[in-house]
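A short write-up of the structure that comes next.
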2 protein chains.
Amino acid sequence: MSKENYQNYKKHFINFYQRSRRLPSYAEMLSIFNFQSKNAVAKVVAKFVDEGLVGKDETGRLIAGPDMFGVRLLGTVQAGLPTTAEQEVGEALSLDEYLIEKKDKTYLLEVTGDSMIEAGINEGDLVIVEQGRAPKVGDIVIAEVDHEWTMKFLEKENGRMILKPANKNYPIIRPQGEMNIGGVVKGVARKY
Amino acid sequence: MSKENYQNYKKHFINFYQRSRRLPSYAEMLSIFNFQSKNAVAKVVAKFVDEGLVGKDETGRLIAGPDMFGVRLLGTVQAGLPTTAEQEVGEALSLDEYLIEKKDKTYLLEVTGDSMIEAGINEGDLVIVEQGRAPKVGDIVIAEVDHEWTMKFLEKENGRMILKPANKNYPIIRPQGEMNIGGVVKGVARKY
DNA sequence: TTGACAGGTGAACGAATGTACACTATAATG
DNA sequence: CATTATAGTGTACATTCGTTCACCTGTCAA
């Protein structure tokens with residue numbers, strides 16, 4: 001099979017996965033690759049497996065490989081980029097997997113206000129919050145004080161927990177009664 | 001089926017998806033749910049579909065619903081959080097889908113240095129870079145100047161393009177020869 | 001010119017798929 | 001108590017699955 005054709009198969013294959021979030025069956029590949037014989041499909045799939053695009057689990061079933069759901073991590077900004085030629089370096093990384101550890105205890109919040117701007121958290125960012133984790137000093141926490149929820153650094157002052165913004169223009173909060181911690185900020189995602 | 005059991009099925013089901021990145025077959029659910037009859041599985045699956053946990057495509061095949069691969073977006077930090085009771089609000093969001101538009105033209109870079117710290121991009125962050133997009137003034141770009149790659153704001157000065165860091169301690173770069181743009185920064189991801 | 005090979009067709013096959021129907025036992029309800 | 005869902009078993013079945021084998025055809029190198 002010609003190289004261009006193969007890249008085309010690959011493209012259609014990945015497209016299918018993006019749309020349907022599952023791998024196509026052989027019969028489905030038959031039509032998206034425009035083949036007449038399932039055997040032709042089988043040969044293409046074998047190449048996919050060789051290339052690592054897809055894997056096989058213990059039962060022989062196809063599973064998506066890292067390239068199907070992730071993006072390649074190419075290097076560091078100042079260490080230099082690879083050449084503009086075909087980049088086969090770098091491992092594929094899913095941002096979901098990177099940022100979220102305990103999926104069922106994690107939720108997202110959109111940030112309003114600029115009280116954490118010096119910590120690199122801007123208005124409009126999404127913060128990844130994990131519940132049910134004991135917050136440590138230095139963590140960024142989602143806390144309820146006086147029936148209002150805010151995001152601040154958790155610090156200790158004279159043996160008491162205080163909430164410290166990352167913006168000089170905002171005051172440190174020294175909670176009087178009890179403080180309710182809604183979760184610990186584990187990550188930040190921003191889109192331009 | 002009791003409520004706790006159902007939640008358990010759901011948990012095992014999602015677990016399977018996380019591990020294998022595909023939905024289990026009925027036979028597989030049979031063993032992970034500890035059933036003897038596939039029909040019992042069918043009934044649980046029907047509930048999954050009702051709940052929207054999974055969907056069915058046009059061929060009747062199961063596909064993962066938003067909850068399977070995303071995380072719930074609950075609200076804004078200062079607007080208040082929902083009560084600690086069962087949170088059925090908020091749509092599920094996949095960070096991959098949120099941050100990455102054109103998958104095949106996107107790659108990740110790890111940030112070293114603090115030249116963009118005032119733009120909320122810290123050392124160790126991952127930036128999501130999209131290639132092949134015409135950079136506009138005000139964009140954060142990955143640029144090659146004097147055989148070295150850096151990340152800076154793209155600005156215009158007297159009709160010429162310049163690179164401006166977001167850190168007062170770094171100088172503005174006024175490229176002499178030609179400047180090579182490796183991509184436009186479309187997003188940032190940070191893990192604590 | 002011949003042989004090897006890549007790329008594909010076509011048919012056949014056992015295993016696995018999801019669905020359906022009849023039935024049972026337990027729990028909830030009036 | 002009788003009744004009615006609920007949750008599950010067991011069996012059967014047509015369909016689809018992925019694999020395999022034999023075969024065809026054009027290309028390219030020896």
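Naming: A, B, ... by sequence-line order, numbering from 1 per chain. Just so we're clear, the structure is a prediction, and the values are computed from it rather than from any experiment.
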Rounded off to whole Å, could you give me the [atom1]-to-[atom2] distance for the [X] and [N] pair?
X	N	atom1	atom2	value
N8(A)	dG8(C)	CG	C1'	17 Å
F35(B)	dT9(D)	CZ	P	6 Å
K38(B)	dT9(D)	NZ	C1'	14 Å

Exercise for the section: Check salt bridge (Lys or Arg N to Asp or Glu O under 4.0 Å) between K156(B) and all other residues, then give those that pass, not counting sequence neighbours. Expected result: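 Applying salt bridge (Lys or Arg N to Asp or Glu O under 4.0 Å) to K156(B) gives none.
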For [X], all residues meeting side chain to side chain contact (heavy atoms under 4.5 Å, CB included), sequence neighbours excluded:
X	value
R22(A)	F16(A), S20(A), E28(A), D57(B), T59(B), R61(B), I63(B)
A27(B)	S25(B)
D104(B)	K102(B)
N122(A)	I117(A), D125(A), R190(A)

Practice task
Spell out yes or no: do the side chain of S37(B) and the base of dG8(D) have one donor N/O and one acceptor N/O closer than 3.5 Å?
Solution key: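 Answer is no: no donor-acceptor pair is held.
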Problem - Proximity to the side chain of A40(B) - top-ranked nucleotide from dT19(D), dG8(D), dT9(C) - result: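 Of the candidates, dG8(D) comes closest.
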Sub-3.5 Å pairs of nitrogen or oxygen atoms, protein against nucleotides 21-26 of chain C:
residue: dC21(C); atom: N4; partner: N39(B); partner atom: ND2; Å: 3.0

Handout entry: R61(B) side-chain N/O to dC17(D) phosphate OP1/OP2 under 4.0 Å
Key =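 So the side-chain polar atoms of R61(B) do come within 4.0 Å of the phosphate oxygens OP1 or OP2 of dC17(D), strictly under.
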Handout entry: Distance below 4.0 Å between Q36(B) side-chain N/O and dG8(D) OP1 or OP2
Key =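 Negative; the distance criterion is not met.
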Exercise for the section: Pull out every residue in residues 21-30 of chain A that has a heavy atom closer than 4.0 Å to any atom of DNA chain D, ordered by number, or say none. Expected result: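 DNA chain D contact set from residues 21-30 of chain A: S25(A), Y26(A), A27(A).
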Could you list the donor-acceptor pairs under 3.5 angstrom formed by side chains in residues 132-141 of chain A, with sequence neighbours left out?
residue: R133(A); atom: NE; partner: E130(A); partner atom: OE2; Å: 3.1
residue: R133(A); atom: NH2; partner: E130(A); partner atom: OE2; Å: 3.3
residue: D139(A); atom: OD2; partner: K136(A); partner atom: N; Å: 2.9

Practice task
Would you please name every residue forming a ring-ring contact (aromatic ring centres under 6.0 Å, His included) with F48(B), sequence neighbours left out?
Solution key: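 Only Y6(B), F13(B) meet the ring-ring contact (aromatic ring centres under 6.0 Å, His included) criterion with F48(B).
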Exercise for the section: Verify the cluster assignment for V184(B) and Y107(B): are they in a single hydrophobic cluster under the rule of side-chain heavy atoms below 4.5 Å apart? Expected result: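 Shared cluster, no.
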